[in-house]
Colleague: 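Quick one: this structure, given as structure tokens, is what I'll be asking you about.
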Amino acid sequence: RTESYLVGLVGDGVTPSLTPPMHEREGDVQGLRYLYRPIDLLELGLAGDSVGEVLRSARTLGFNGLNITHPCKQLVLQHLDEVSPDARRLGAVNTVVIRDGRFIGHNTDFSGFAAALASGLPGARLDRVVQLGAGGAGSAVAYALLSAGAKTLDLVDMDAERAAARAEELSGFFPDSTVTARTTADLPQLMPLADGLVHCTPVGMAAHPGVPLDLELLESRHWVADIVYRPIDTELVQGARAKGCDVLDGGRMAVGQAADAFRIFTGLDADPERMRSHFLEL
Ligand code: SKM
């Protein structure tokens, strides 16, 4: 019988992350003994490829699991005993549960975004979606959109090769959908055809202010999802609201990944709405 939970987040610069307080508060509310430690590789002077060693140390010390973030989401794969089919296809793991001495990997970035989309933009049309950004987070989001039934996905990235590689890979996983690599120059043609827009680049974060596209391209019939959550009201989110669009802010994905990881670690459902109100207080 597990009477307490000890989990952590491994990655570079994770000390200020909001994930630990989100989990701990949910544990408190559920009456659990639940501790969530940041394990900051930068502060520890450890490189990303020490994630295997960190995993084994965590097992030795009785951890129930770890969230894994940059730069370890791919590096961790080779150390796992089992990987969920979705995480395997995505080639990225952000949640490792330690059970009977075995490491089992999952990806709650994709499932968390899917849950966020379903709860925050219920009934959003997914026939045609434009996505900005095809990096790590973008890959998980694209996978979630296609899993949720997006029929046509236009994938825009400043790195044309990266967009092309992702589009080809995703087309292989979702043969009934059309995934096409695009450039920002295509946006004036694409937006009039799109139901919604998802933003997965760093633009709008405190360190990268601005908007990722010309807001004139937004129409009130578009829904807009941002995954940037610091600040929560990015310039894109504000601009889209001002246009009358239905909007999903980045906090929903941040909460979604945490809620799904909480369930994987404990076997207990987290309440995403309660987690979100706590997240908004942090
Ligand atoms: O996948 C998530 C991870 O679980 C937690 C996190 C964070 O708190 O910074 C970021 C994402 O990589």
Side-chain angles (χ1 to χ4, degrees), residues 5-27 34-44 48 51 54-55 58 63-77 80 83-84 86-88 90-98 103-117 133-144 199-202 204-208 225-232 249-266 270 272 275-276 278-282:
Y5 298 90
L6 178 58
V7 298
L9 171 62
V10 183
D12 283 357
V14 297
T15 306
S17 165
L18 302 181
T19 301
M22 268 197 278
H23 277 253
E24 288 191 342
R25 170 75 80 90
E26 184 64 21
Y34 190 105
L35 286 183
Y36 191 121
R37 290 291 160 102
I39 301 169
D40 193 328
L41 299 181
L42 285 183
E43 284 186 4
L44 294 166
V51 64
V54 172
L55 227 56
F63 276 62
N64 300 86
L66 296 170
N67 276 132
I68 309 289
T69 190
H70 180 77
C72 304
K73 289 186 186 186
Q74 284 92 31
L75 290 166
V76 73
L77 280 166
L80 304 178
V83 181
S84 79
D86 290 312
R88 170 75 65 200
L90 260 168
V93 159
N94 83 320
T95 301
V96 176
V97 61
I98 305 172
F103 300 124
I104 305 161
H106 298 265
N107 188 301
T108 70
D109 292 320
F110 111 82
S111 63
F113 181 79
L117 189 68
S139 300
V141 166
Y143 192 90
H199 173 241
C200 306
T201 85
M205 291 166 75
H208 305 268
D226 202 345
I227 71 161
V228 173
Y229 61 89
R230 267 180 175 166
I232 190 97
D249 66 53
R252 297 261 176 198
M253 182 183 186
V255 167
Q257 63 80 24
D260 282 358
F262 185 95
R263 185 174 33 73
I264 290 168
F265 292 147
T266 64
M275 258 187 162
R276 176 170 169 87
H278 179 222
F279 172 86
L280 293 174
E281 285 167 20
L282 290 168

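These values consider heavy atoms only, across backbone and side chains, with no hydrogens, waters or symmetry-generated copies. Order of appearance sets the numbers: ligands from 1, and atoms from 1 within every ligand.
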Colleague: Going by heavy atoms, is Val14 under 4.0 Å from ligand 1?
Modeller: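 No; Val14 lies far enough from ligand 1 that no heavy-atom distance drops under 4.0 Å.
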
Colleague: Which of these passes side-chain hydrogen bond (donor to acceptor under 3.5 Å, both in side chains) with Thr95: Asn107, Asn67, Asp260, Asp109?
Modeller: Asn67

Colleague: Could you check whether any side-chain heavy atom of Tyr5 comes within less than 4.5 Å of a side-chain heavy atom of His23, counting everything from C-beta outward?
Modeller: no

Colleague: Determine whether a donor-acceptor pair (N or O, by modelled atom type, separation under 3.5 Å) exists between the side chain of Asp12 and the backbone of His70.
Modeller: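 No; judged by distance alone, with no hydrogens or angles, the pair does not exist.
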
Colleague: What residue and heavy atom of the protein are closest to atom 3 (C) of ligand 1, and at what distance?
Modeller: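 Nearest protein contact, heavy atoms only, for atom 3 (C) of ligand 1 is Gln257 OE1, 3.6 Å.
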
Colleague: Can you sort out which atoms of ligand 1 are near Asp109, meaning under 4.0 Å from one of its heavy atoms?
Modeller: 1 (O), 2 (C)

Colleague: So, Asp40 side chain and Thr15 main chain: donor-acceptor pair closer than 3.5 Å or not?
Modeller: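 Judged by distance alone, yes, a pair lies under 3.5 Å.
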
Colleague: Once you restrict to heavy atoms under 4.0 Å, what part of Leu18 touches ligand 1? Side chain, backbone, both or neither.
Modeller: neither

Colleague: Just which atoms of ligand 1 are under 4.0 Å from any heavy atom in Leu9?
Modeller: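 The list of qualifying atoms is 5 (C), 7 (C), 8 (O).
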
Colleague: Looking at Tyr34 versus Phe265, is the centre-to-centre ring distance below 6.0 Å?
Modeller: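 Here the rings of Phe265 and Tyr34 have centres that are no less than 6.0 Å from each other.
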
Colleague: What protein heavy atom is closest to atom 5 (C) of ligand 1, reported as residue, atom name and distance in Å?
Modeller: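 Protein heavy atom at minimum distance: Thr19 OG1, 3.6 Å.
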
Colleague: Looking at atom 9 (O) of ligand 1, what's its closest protein heavy atom, distance included?
Modeller: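 That would be Ser17 OG, 3.7 Å.
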
Colleague: Between the main-chain N or O of Gly112 and the side-chain N or O of Gln257, is there a donor-acceptor pair closer than 3.5 Å?
Modeller: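 Judged by distance alone, no pair lies under 3.5 Å.
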
Colleague: Name the closest protein heavy atom to atom 10 (C) of ligand 1, giving the residue it belongs to and the distance to 0.1 Å.
Modeller: Thr69 OG1, 3.7 Å

Colleague: Measuring from the heavy atoms of Lys73, does anything fall under 4.0 Å of ligand 1?
Modeller: yes

Colleague: Just by modelled atom types, is the Ile68 backbone N or O under 3.5 Å from a matching donor or acceptor in the Asn94 side chain?
Modeller: no

